[in-house]
S.K.: 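This structure is in structure tokens; I'll ask about it shortly.
Letters A, B, ... mirror the listed sequences (proteins, then strands); counts begin at 1.
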Amino acid sequence: MSDVAIVGIGMHEFGRHEGVSGMEQGAIAVRRALADAGVKWQDIQFAFGGSRASGDPDRMVSMLGLTGLQFINVSNGCATGGSALFSAFNTIKSGAFDIGIAIGFDKHDRGAFTPRIESSQGSDWYGGSGLALTTQFFGMKINHYMQQHGISHRTLARVAAKAFRNGSLNPMAWRRKPLSEDEILQAQMLSYPLTQFMFCNPGEGAVALVLCRADQAHKYTKKPVFLLTSVVRSRRFGSFEVTAPHLALEHNAGPTVDASKAAFELAGVGPKDIDLAQLQDTESGAEIMHMAENGFCEHGEQEKLLAEGATEIGGRFPVNTDGGCLANGEPIGASGLRQVYENVLQLRGDAGARQVPNDPKLAYTHVYGAPGISGVTILSR
Amino acid sequence: VLALAADGVIQGGIDSSRGQTHFMGQKSISEQILELGTNGPRLIGSRCRNCGNHVFPASTGCPRCAGFDMERATLGTEGELWAWTVQGFPPKSPPYLGESDPKKFQPYGVGYITLPGQCKVEARLTEADSKRLREGMRMRLTTVPLRRDAEGNDLVTFAFEPVESRQQEVSR
């Protein structure tokens, strides 16, 4: 069993890019990752690629070069990028190949995601009734959580203000204009208690990561970052998930808690060892809840932590240092890989104006999405 | 063989007390999930014959015990609001069948209602004021119109209304 290193990272800017297809953005990210690792496309032995809205990823070989490599498409909702990474990680761990690439890209239409629920009931009654919007779930989950655990509207605004502040320091981010907490609170209420600026938007962008056997990493880079573990979990009975026409009476903590526990166990580290984290922030409430679900604080403690600035770049536990989904938007195929890209930059010490101080050593990523799936990675330098 | 057995069970679960899809100028958005009639609207789900778990809409498999012996079940019509939000912008149409013109759109509540002994059902709420919605409030099944169809019927979907406010209206 080989350990696994990330030796090359590439990103196409997130945002809106008229006239550039999602797949073209993917190819640009791949070329940037290859250049970062100092390898040629011909050196890459395998690829896992994910995209929800921009075509079958393996078609991109016609742009990148027809080398005959093993290219497998991955489609797994919001955990598509995480699943591509999981697959690449285990392909190297198993010894099947020495060097490969995980790719994610997307280009979505404007407006809220309304997943079509395949129905044996003949009609799309769920979407037809005005249900089925992912935004409704996020509103209900954080509204319920705020009442159970004493989280205030102000704290929701603090998360969004931090995201845009961090985004303003990130040249690859979509939304780079800082907004005040009051501007965020006074914006249009989309799904109570969440306003327009508390939600991320479907967007565009691409990320590629070159991975290799850890014992060969120094051939490619002076600053390898090691992928300690990559875990994906689906939901268990009783969890509260997005686009669910019904829920069970009994309760289960959900796939994030399961994925997080498994990742810490596999990596042999605990939440207190982690220096920074990128946590799914589809909306600002999600970041708050995911801090606790991933084991980084107690439920309700976020109110105090956010007020103290603990999750700022200079705080004692920085969260979403690149601006997260709120500032970058959510191209589904690329989103989970963006988090890993940011952590690699941070662990290399290459994050520029948003560099977390004191040489961070361990970094954590978490994605969550429909229909109730979570992916976690832990990276170390 | 399993598929046939499962089909047989579902067929056998459809009972003679079946309601209507049209009632008093209303038409159900889907006869598979919502029946109308003199006794009021009813939601149709499934019950697992193995573990008793209820699901909505009807399904051929049980998410709780992984069994596949499901029977048709009529869900309860009253329960408590468990979690809620307010839909503040018009959903995209399609798929939405209601008013999607931003100038005419009226916000509506969305929540989960705990139906005792069965499950929590996600539904529209007739109340859209965040100051008047609270967890634990009693709610009752009703319908809301989405649009008028070609035959002049109101196409309706299910919703829950606060029980208290209705009593207040009656007493007024």
S.K.: Only pairs of heavy atoms separated by less than 4.5 Å count here; which of Gln118(B), Gln87(B), Lys120(B) has the most with chain A?
M.R.: Lys120(B)

S.K.: Please report the closest heavy-atom contact between Pro41(B) and Thr77(B), naming both atoms and the distance.
M.R.: O-CG2, 4.0 Å

S.K.: If you apply the rule ring pair (Phe, Tyr, Trp, His ring centres under 6.0 Å), what do you find for His251(A) with Phe237(A), and how did you get there?
M.R.: CA-CA 8 Å; His251(A) 294 279; Phe237(A) 185 70; over 10 Å; no

S.K.: Provide the full list of ring pair (Phe, Tyr, Trp, His ring centres under 6.0 Å) pairs with a residue in residues 24-67 of chain B, sequence neighbours left out, each pair given once.
M.R.: Trp125(A)-Phe56(B), Phe56(B)-Phe158(B)

S.K.: What part of Leu146(B) lies closer than 4.5 angstrom to a heavy atom of chain A: side chain, backbone, both or neither?
M.R.: side chain

S.K.: What part of Leu115(B) is in contact with chain A, defined as an atom under 4.5 angstrom from a non-hydrogen atom: side chain, backbone, both or neither?
M.R.: backbone

S.K.: A quick test of your reading: do over 12 heavy atoms of other residues, nucleotides or ligands sit less than 6.0 Å from CD of Glu298(A)?
M.R.: no

S.K.: Would you compute the distance between atom CZ of Arg235(A) and atom CZ of Phe240(A) and round it to the nearest 0.5 angstrom?
M.R.: 13.0 Å

S.K.: Chain A heavy atoms under 4.5 Å from Ala159(B): which part of the residue, side chain, backbone, both or neither?
M.R.: neither

S.K.: Give the member of Glu250(A), Lys141(A), Arg236(A) that has the highest number of heavy-atom pairs under 4.5 Å with chain B.
M.R.: Glu250(A)

S.K.: Quick check on Gln147(A) against chain B: is it the side chain, the backbone, both or neither that has a heavy atom closer than 4.5 Å?
M.R.: side chain

